[in-house]
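Just so we're clear, the structure is a prediction, and the values are computed from it rather than from any experiment. Letters A, B, ... are given to chains in the order of the sequence lines, protein chains preceding strands, and every chain is numbered from 1.
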Protein chains: 2
Amino acid sequence: MIRVLLADDEGMIRSALAALLRLEPDIDVVAECADGAEAVTTAERLKPDVCLLDLEMPHLDGVQVTEKLNRTLATRCVIVTRHARPGVLRRALASGAAGFLPKSRSADEVAAVIRRVAAGGRYVDPEIAADALSDERSPLTDRELDVLRAARHGQTTGQIARTLSLAPGTVRNHISTVLGKLAVGTRQQAVLLAEERGWI
Amino acid sequence: MIRVLLADDEGMIRSALAALLRLEPDIDVVAECADGAEAVTTAERLKPDVCLLDLEMPHLDGVQVTEKLNRTLATRCVIVTRHARPGVLRRALASGAAGFLPKSRSADEVAAVIRRVAAGGRYVDPEIAADALSDERSPLTDRELDVLRAARHGQTTGQIARTLSLAPGTVRNHISTVLGKLAVGTRQQAVLLAEERGWI
DNA sequence: CCGCATCCATGACATGTGTCATGCCGGTAG
DNA sequence: CTACCGGCATGACACATGTCATGGATGCGG
């Protein structure tokens, strides 16, 4: 019997997957969690064989949960996401995830992936994996990513500079190089593009 | 037998809901569609009793699909969405939707809502309905909304002015009043807030 | 050691952005 | 009719933003 923990902030898909997985004779859904923090504490208590984690969750996202769990437990983590981009896959695998499944795939495949991962194997969505090989790695430096992350919510250059302890001119310069690298004209477009590609 | 059409761009939740609904003895899932345009043409061909439509879909969103179908068919539409805000509910009901269900609700409720709607009733998520009564209507004028919509993808004032056939100064003025009404400092924050509240 | 490349940081300059005062138009109350 | 109000449009002004040239710090290969 494979003991599975489910975490997804969207109640409808969480309960739907739970109901479907309970129909499988060899799978036992032992917990359903609505956010990352809850997933971590529940996993540490119940020690499930497999954790099926949504990437986008409040407080801790799926990648962060995977990192934490891999330090302390033998649980195998599968990350599920709507935004299946090569950059996201890279982050997921770097965190130690054993599986990666975009939500564009059918729900039927979930049980198969869980069995494979529980048996010690790995599963990565073949389509995304192919994209990842045709390397779409972020051309941005660490600092540039910092600045872009800070710019996500429409803060002004001055505010960003203060939170990063920089001169305003430096922030502007980083933004400028980012705009050049991404071939866009405004920081807002840069943010949208970077989010799209899973770089921030 | 209630004949149901399902439309959601996320394959996993679409197939999961379909599988669960097929377990119900009185519900027949006659079609699964991945986008709004496909939903419209399929619905016109199959004339299902109830359409379960995701709000966020490519090409045509759930509200637009509902509008189109209500012109030509007797189909009852239920709109499902992750971003369940009063403004979204208002738009959905204005389009003629018979039901409104946020994805934060459990999948169990879907079948019940479908039965209720098929019987000629209406269903609106009580929590969101309560919020909608404590009126959070948009304080923005039509023109201001036009400008804000155009500003969504980080376009410059000049580009927005050209697409709306306005002087750049006018666009800036509209943006300025929007910033005042929403009590934010940049157009980017205004866009994020308006999206959050379902006003654009 | 010495280039050389890369990242980070900064300040001067042009351009775009937000604020303000103003005027036009259609609807409404007196 | 007149006065007034709200939405729409516009141009002048202060400020933030994007571009550029520059310099310091670190790491790598000759």
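Spacing between atom CD of B:E144 and atom P of D:dG7 amounts to 8 Å, rounded to whole angstrom units. In this structure, B:Q155 atom CD and C:dT17 atom P are separated by 11 Å, rounded to whole Å. A straight line from CZ of A:R187 to C1' of C:dG16 spans 12 Å, rounded to a whole angstrom. Across the protein-nucleic acid pair, B:L145 atom CG and D:dG7 atom P stand 12 Å apart, rounded to whole Å. When the C1' atom of C:dG18 is taken as reference, atom CD of B:Q189 falls 13 Å away, rounded to whole Å. Look at CG on B:D146: it is 15 Å from P on D:dG7, rounded to the nearest Å. Rounded to whole angstrom, the span from the CD atom of B:Q188 across to the C1' atom of D:dA16 amounts to 14 Å.
Using a 4.0 Å cut-off between a side-chain N of Lys or Arg and a carboxylate O of Asp or Glu, B:R82 and B:E56 do not qualify as a salt bridge.
With C:dC8, C:dA9, D:dT17 as the candidates, the nucleotide lying closest to the side chain of A:T141 is C:dC8. Side-chain atoms of B:I175 lie closest to C:dG18 of the nucleotides C:dT17, C:dG18, C:dC8. Checked against C:dG18, D:dT17, D:dT10, the side chain of B:S176 finds its nearest nucleotide in C:dG18. Among the nucleotides C:dC8, C:dT17, D:dA9, the one closest to the side chain of B:R143 is D:dA9.
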Could you tabulate the donor-acceptor pairs under 3.5 Å formed by side-chain atoms of residues 40-47 of chain A, not counting sequence neighbours?
{"residue": "A:T41", "atom": "OG1", "partner": "A:E38", "partner atom": "O", "Å": "3.1"}
{"residue": "A:T42", "atom": "OG1", "partner": "A:E38", "partner atom": "O", "Å": "2.6"}
{"residue": "A:K47", "atom": "NZ", "partner": "A:E44", "partner atom": "O", "Å": "3.2"}

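Phosphate contact (OP1/OP2 of D:dC8, side-chain N/O of B:H174, threshold under 4.0 Å): absent. Between A:T156 and D:dA16 there is no side-chain polar atom (N or O) within less than 4.0 angstrom of OP1 or OP2. For A:T157 and D:dA16, the shortest distance from a side-chain N or O to OP1 or OP2 is not below 4.0 Å. Taking 4.0 angstrom as the limit, A:T170 places none of its side-chain polar atoms (N or O) nearer than this to OP1 or OP2 of C:dC8.
Annotation: of the two residues near DNA chain D, A:N173 and B:R172, the 5′-most nearest-nucleotide partner is B:R172.
Linking Ile, Leu, Val, Met, Phe, Trp and Tyr whenever their side-chain heavy atoms come within less than 4.5 Å puts B:V110 and B:M12 in one cluster.
Counted within 6.0 Å of CG on B:D142, heavy atoms from surrounding residues, nucleotides or ligands total 12 or fewer; the atom is thus considered open. In A:E127, the CD atom is not crowded: 12 or fewer heavy atoms of neighbouring residues, nucleotides or ligands sit closer than 6.0 Å.
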